[in-house]
Amino acid sequence: MSLRLLAAPGLRNTTRLLVRQQPMGLVKIHSSVSQSNVAATNATHKPDRLHGSYHWNIERAASVALVPLIATQLTYGASPVTDTLLGVVLPLHLHIGFDACITDYFNARKSVILNKLMTGTLWASTTGVLIACYQFNTNDIGLTEFLSKVWAA
């Protein structure tokens, strides 16, 4: 490189040489790295329906569904249909949000044990909230009546 710069004086030729250089990330530094090792480290994972665009669609649908559910609850009052839908969609929305926080702040590659502990705790608490919502809707006044009373208080 330095011999080329000395042989081709002038700003135009120097900039042309600098533009043609490869970035350092693409330069092969060690000759001991074989192509099979590089291919093994760059292997892609199998697509999962619960992640990617499907996950994004479910997340947005749960967020958008909460608006008419809460509006219906405030407009028409207590209803078994809104109790059931609110008892399912609200914990689903909270689960997706906390799962995103765990993925962002407790990455599985950096803190394996803490990620598994937090994810397990999230699944246990989401299951508990779903069971509690079912019990509250069937054996007590229901979520919509409870929210109406809390709103009026």
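Side chains included, hydrogens not; waters and symmetry mates left out as well; all remaining heavy atoms used. Quick note: residue numbers are just sequence positions, from 1.
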Quick one: list whatever passes side chain to side chain donor-acceptor pair (under 3.5 Å) with T144, sequence neighbours left out.
D83
Common cluster, V129/L86, ILVMFWY with side-chain heavy-atom separation under 4.5 Å:
no
Please enumerate all residues that pass ring pair (Phe, Tyr, Trp, His ring centres under 6.0 Å) together with H95, with sequence neighbours excluded.
W123
Could you list the residues that satisfy ring pair (Phe, Tyr, Trp, His ring centres under 6.0 Å) with Y134, not counting sequence neighbours?
none
Check: K116 main-chain N/O paired with T119 side-chain donor or acceptor under 3.5 Å
no
Interatomic distance, M118 atom CE to D99 atom CG [nearest 0.5 angstrom]
11.0 Å
Under 4.5 Å between side-chain heavy atoms, hopping through other hydrophobics if needed: is there a path connecting Y105 to F98?
yes
Are the side chain of N137 and the backbone of G87 linked by a donor-acceptor contact shorter than 3.5 Å?
no
Is L94 reachable from V150 through a run of hydrophobic residues whose side-chain heavy atoms are each under 4.5 Å from the next?
yes
Under 3.5 Å donor-acceptor, S125 side chain and L122 backbone:
yes
Looking at L92 and A62, what are the two nearest heavy atoms and their distance?
CD2-CB, 4.2 Å
Please identify each residue that fulfils side chain to side chain donor-acceptor pair (under 3.5 Å) with T103, with sequence neighbours left out.
none
With hydrophobic residues grouped by side-chain heavy-atom distances under 4.5 Å, do L117 and F106 end up in a single group?
yes
Cluster overlap L85 with L130, hydrophobic side-chain contacts below 4.5 Å
no
Starting from the C-alpha separation in whole Å, work towards a yes-or-no answer on side chain to side chain contact (heavy atoms under 4.5 Å, CB included) for L66 and L90.
CA-CA 7 Å; L66 283 174; L90 189 60; 4.1 Å; yes
Within the structure provided, determine whether V89 and L69 are in side-chain contact (heavy-atom separation under 4.5 Å).
yes
Gap separating the CD1 atom of I102 from the OG atom of S111, nearest 0.5 angstrom
10.5 Å
Is the side chain of D140 donor-acceptor paired with the backbone N or O of G142 at a distance under 3.5 Å, no angle test?
no
Ring pair (Phe, Tyr, Trp, His ring centres under 6.0 Å) involving Y76 - partner list, sequence neighbours excluded
none
How far apart are the closest heavy atoms of V88 and P91, and which atoms are they?
O-CD, 3.5 Å
Sequence-distant partners of T127, side-chain contact (heavy atoms from CB on, under 4.5 Å), two or more places apart
I131
